[in-house]
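Notes follow once the structure below has been shown.
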Amino acid sequence: MDKIWYLKQLDIFKELGPKDISEIGVIVDEKNVSKKELLLEPEDKGKVYLIKRGQVKLYQLTPEGKRVISDNLGPGSVFGNFGGDGQGQNFAEASSDTFVCIAKRDTFFETISKKPKVAAKLMTMLFDQISLDRDYITAMASGSVLSKLKFKLVELGGKYGEQKGNRVKIKERFTHEEIADMIGVSRETVTKLLGALKRKGIIKVEGKNIIFDKEKLETASV
DNA sequence: CCATTAACTGACT
DNA sequence: AGTCAGTTAATGG
């Protein structure tokens, strides 16, 4: 990733003993943030955030000032703004009440670099993330709004879903507005398209969960 | 055309 | 009171 650097589901820490963890845990700060509170701004450099509890949205601002959500991280995730010089507009906001630990980036890296295995693991994770991002860019750049939405639903299904064969159920709750911000379209368009997909029987909404057949969705039109 | 903006509405919390 | 989903009229590229 360009300016922002983060990891998901830190099984990376599984390779570390308690001693190392406490070393990394040279935590400079711990913080409770309530929903909607801003955790990280572009100017906020040199820190590593570790999510203990809650959810954090990462987002950027387009030149027009529109917000684009790039990720939604849960407990165990690490993120931070490791910028070069001034460019890039990366923010992090609590999606729910959240508890984070904050450590110094340098300390974190120093500890990591003494552990080749962990460093290798870290690289693997970063490369995986990069290739995911490439798929993502392709889908976002080339597709219609419908294909972006389908792509995002499948992605959300993979990340927050429960799968039985082709049947996918997104467990987490997302508002139309959030989905819209993830794929860079208006909320009304998401409402309309989801409505159309629902009417066609391609997706189903059960309470707060979206359910769909992966095959059917991927080949669906409206 | 297709999507966006803006505005309004009813439902829900 | 604030959030969310669903609609519509007007606008724009």
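Excluded from the calculations below are hydrogen atoms, water molecules and symmetry mates; all remaining heavy atoms, backbone and side chain alike, are included. A, B, ... follow the sequence lines: proteins, then strands. Residue 1 opens every chain.
Spacing between atom NZ of A:K192 and atom P of C:dT8 amounts to 10 Å, rounded to whole angstrom units. For A:L193 and B:dC1, the CG to C1' distance is 14 Å, given to the nearest whole Å. Nucleotide C:dT3 holds its C1' atom 15 Å from the CD1 atom of A:I179, rounded to whole Å. Here the P atom of nucleotide B:dC2 and the NZ atom of A:K148 are 15 Å apart, to the nearest Å. Spacing between atom NZ of A:K208 and atom P of B:dA11 amounts to 18 Å, rounded to whole angstrom units. Atom pair A:E188:CD and B:dA7:P shows a separation of 12 Å (rounding to whole Å applied). The CZ atom of A:R187 sits 8 Å away from the P atom of C:dG6 (whole-angstrom rounding). One atom, CD1 of A:I210, and another, C1' of C:dC4, lie 14 Å apart when rounded to the nearest Å.
The existence of a salt bridge linking A:E37 and A:K31 is excluded, since no basic side-chain nitrogen approaches an acidic carboxylate oxygen closer than 4.0 Å.
Nearest nucleotide to the A:R173 side chain, out of B:dA7, C:dC4, C:dG6: C:dC4. Checking C:dG6, C:dA5, B:dT4 against the side-chain heavy atoms of A:K198 singles out C:dG6 as nearest. Among C:dG6, C:dT3, B:dT4, the nucleotide with an atom closest to any side-chain atom of A:V185 is B:dT4. Between C:dG6, C:dC4, B:dT5, one nucleotide has an atom nearer to the side chain of A:S186 than all others, and that is B:dT5.
By the 4.5 Å heavy-atom criterion applied to side chains, A:E155 and A:M182 are not counted as neighbours.
Of the inter-residue distances, the one linking A:I202 atom CD1 with A:T219 atom OG1 reads 7.0 Å to the nearest 0.5 angstrom. Interatomic distance, CG of A:D181 versus CG of A:N72, reported as 12.0 Å (0.5 Å rounding).
A tilted orientation is assigned to the rings of A:F151 and A:Y136, their planes being inclined by 30° to 60°.
Contact annotation for A:K35: no contact, since no heavy-atom pair falls under 4.0 Å across all strands. Among the atoms of the strands shown, base atoms are found under 4.0 Å from some heavy atom of A:T189.
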